[in-house]
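Below you'll find the structure, written out as structure tokens, and then a few comments.
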Amino acid sequence: MFQSKIAGIGHYVPKNVYTNNDLTRFMDTSDAWIQERTGIQERRYADRIGETTTSMGVEASKIALERAGITAADVDFIIFATLSPDYYFPGCGVLLQREMGMGEIGALDIRNQCSGFVYALSIADQFIKTGMYKNVLVVGSEKQSFAMDFDTRSRHVSVIFGDGAGAVVMQPTTEAGKGVLSTHLHSDGAEAEKLAMYYPGAAAGFGLENPPQWPDKELGGMLMTPQMLEDGTAYPTMDGQAVFKKAVVKFPEVIHEALAKNNLSPSDIDLLIPHQANLRISQYVQKTLGLPDEKIYSNIQRYGNTTAASIPIALSEAWQEGLIKEGDLICFAAFGAGFTWGSALIRW
């Protein structure tokens, strides 16, 4: 079996910068309130019309392909991770394939939210290890600003998220001890409703404490109602304390799992790139693992939580800044809605 390696990296962030102070025009919040709870100072929002999850993924992919020394025609398979697809269906994978003029290759859409990139990387790793594909394009892209409720009632959610995209090209390598060493994926749906967007959804609110009142008709009419938009139930919901409590346990746990699998310790990590969920979570994980500042990369201050795009954006920036060198041990870790979480260890 082959090992898989990251052969090319790229990222794209929209030009529109919204600081914490900018958000005070829309809701009752403050720079101090947001920074104290999340560490975020600003985020990027895509153009309302014309810029999409797919188009941002295309821009990041172009850079990753160029750095890998291949063209769109060389890509064998696409894995696209997002919670904010252009359409309810089909997924963004086929839209990216169309926009980049690729052949009739397979395209897989991943719906694992904040853990999406780690899950996608793990799947790409398996395809390459078995020899099925040689050039797998893995994309994480999010346009979350279109679905946020910029109102005081939702400030605990809407101030956190931003837009952007990252991409990597995965290729086989026969160099011993290089590339993806292992990936580790987990889930626990017991608290799935703690961080979710319930509508539109086929469950129609079944099992929620306050299910909606649907139109009195025999069939259909249960995708979305005007009342949901009016009362805010159509927007994402989050129990921040529940998410934080679970994340600070599972983040270090899944990192230790990866290290143990490879007979390594936290001191062996050259750079930890966690999902950029909350600076306070990253700082807690850093302290738990005993890592110095130079061994953990954070850019949530500039971009907010870009969900499936956060790790590839951070990876791309860290690489551009010269923080990743040949032979370095790089660790990815993520936790998010579902709950799902995972980690990956890579020898660069």
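Computed from a prediction, not measured in an experiment: that's the story for all the values here. What's counted below: heavy atoms across the whole structure, side chains too, no hydrogens, waters or symmetry copies.
- Counting heavy atoms from C-beta outward, I324 and L271 have side chains that approach closer than 4.5 Å.
- A salt bridge links R302 with E317: at least one charged nitrogen is closer than 4.0 Å to a carboxylate oxygen.
- Cation-pi check for R67 over W319 is not met; the charged atom does not lie both under 6.0 angstrom from the ring centroid and within 45 degrees of its normal.
- Looking at T173, its side chain does come within 3.5 Å of a backbone N or O of E175 through a donor-acceptor pair.
- Applying side-chain hydrogen bond (donor to acceptor under 3.5 Å, both in side chains) to S84 and the options K143, Q113, E142 leaves one that passes, E142.
- Around the CD atom of Q213, the shell of radius 6.0 Å holds no more than 12 heavy atoms that belong to other residues, nucleotides or ligands.
- The ring pair (Phe, Tyr, Trp, His ring centres under 6.0 Å) check on F150 picks up Y45, with sequence neighbours excluded.
- By the 6.0 Å contact criterion, OH on Y133 is enclosed, its count of non-hydrogen atoms from other residues, nucleotides or ligands being greater than 12.
- Within a 6.0 Å sphere centred on CZ of F244, other residues, nucleotides and ligands contribute more than 12 heavy atoms.
- In terms of modelled atom types and a separation under 3.5 Å, the side chain of E191 and the main chain of V243 share no donor-acceptor contact.
- Screening Q286, K287, R280 against Q283 for a side-chain hydrogen bond (donor to acceptor under 3.5 Å, both in side chains) leaves a single residue, R280.
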Legend entry - Chi angles and distances behind the side chain to side chain contact (heavy atoms under 4.5 Å, CB included) call for M102, I78: CA-CA 10 Å; M102 296 174 174; I78 300 163; 3.6 Å; yes
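- Using a 4.5 Å heavy-atom threshold, the side chains of H11 and Q320 count as touching.
- Put simply, the side chain of T54 does not reach to within 4.5 Å of the side chain of S141, judged on heavy atoms.
- Salt-bridge check for K178 with E326: passed, with a basic side-chain N closer than 4.0 Å to an acidic carboxylate O.
- With hydrogens and angles disregarded, a donor-acceptor distance shorter than 3.5 Å links the side chain of Q97 to the backbone of G103.
- Contact of the M56 side chain with the P14 side chain is registered, since non-hydrogen atoms from C-beta on lie closer than 4.5 Å.
- Counting non-hydrogen atoms of neighbouring residues, nucleotides and ligands closer than 6.0 angstrom, the NZ atom of K134 reaches no more than 12 such neighbours.
- Crowding of Q227 atom CD: a count of heavy atoms from other residues, nucleotides or ligands under 6.0 Å exceeding 12.
- You'll find the side chain of H184 stays beyond 4.5 Å of the side chain of L345, heavy atoms only.
- Atom CD of E321 is surrounded by more than 12 heavy atoms from other residues, nucleotides or ligands within 6.0 Å.
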Legend entry - Full working for side chain to side chain contact (heavy atoms under 4.5 Å, CB included) between L96 and S61: CA-CA 9 Å; L96 181 137; S61 296; 3.7 Å; yes
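- Here K250 does not pair with D188 in a salt bridge; the nearest charged N to carboxylate O distance is not below 4.0 Å.
- Side-chain atoms of R44 never come within 3.5 Å of backbone atoms of G164 as a donor-acceptor pair (strictly under, hydrogens ignored).
- Side chains of F161 and T307 form a contact here, defined as non-hydrogen atoms less than 4.5 Å apart.
- Side-chain N or O atoms of Q171 include none that pairs as donor or acceptor with a backbone N or O of K5 at under 3.5 Å.
- Side-chain atoms of Q144 come within 3.5 Å of backbone N or O of N305 as a donor-acceptor pair.
- Through side-chain heavy atoms spaced under 4.5 Å, either directly or across other Ile, Leu, Val, Met, Phe, Trp or Tyr residues, L95 is tied to Y87, V94.
- By the 4.0 Å N-to-carboxylate-O rule, K15 lies close enough to D47 to be salt-bridged with it.
- To the nearest 0.5 Å, atoms CD (E253) and OG1 (T288) are separated by 12.0 Å.
- W214 has its side chain within reach of P212: a pair of non-hydrogen atoms, C-beta onward, lies under 4.5 Å apart.
- Among D163, T19, N20, D22, the single residue meeting the side-chain hydrogen bond (donor to acceptor under 3.5 Å, both in side chains) criterion with R43 is N20.
- Proximity of R37 to N278: side-chain heavy atoms (C-beta onward) are nowhere separated by under 4.5 Å.
- Ring pair F251/F335 is tilted by interplanar angle, where 30° to 60° counts as tilted.
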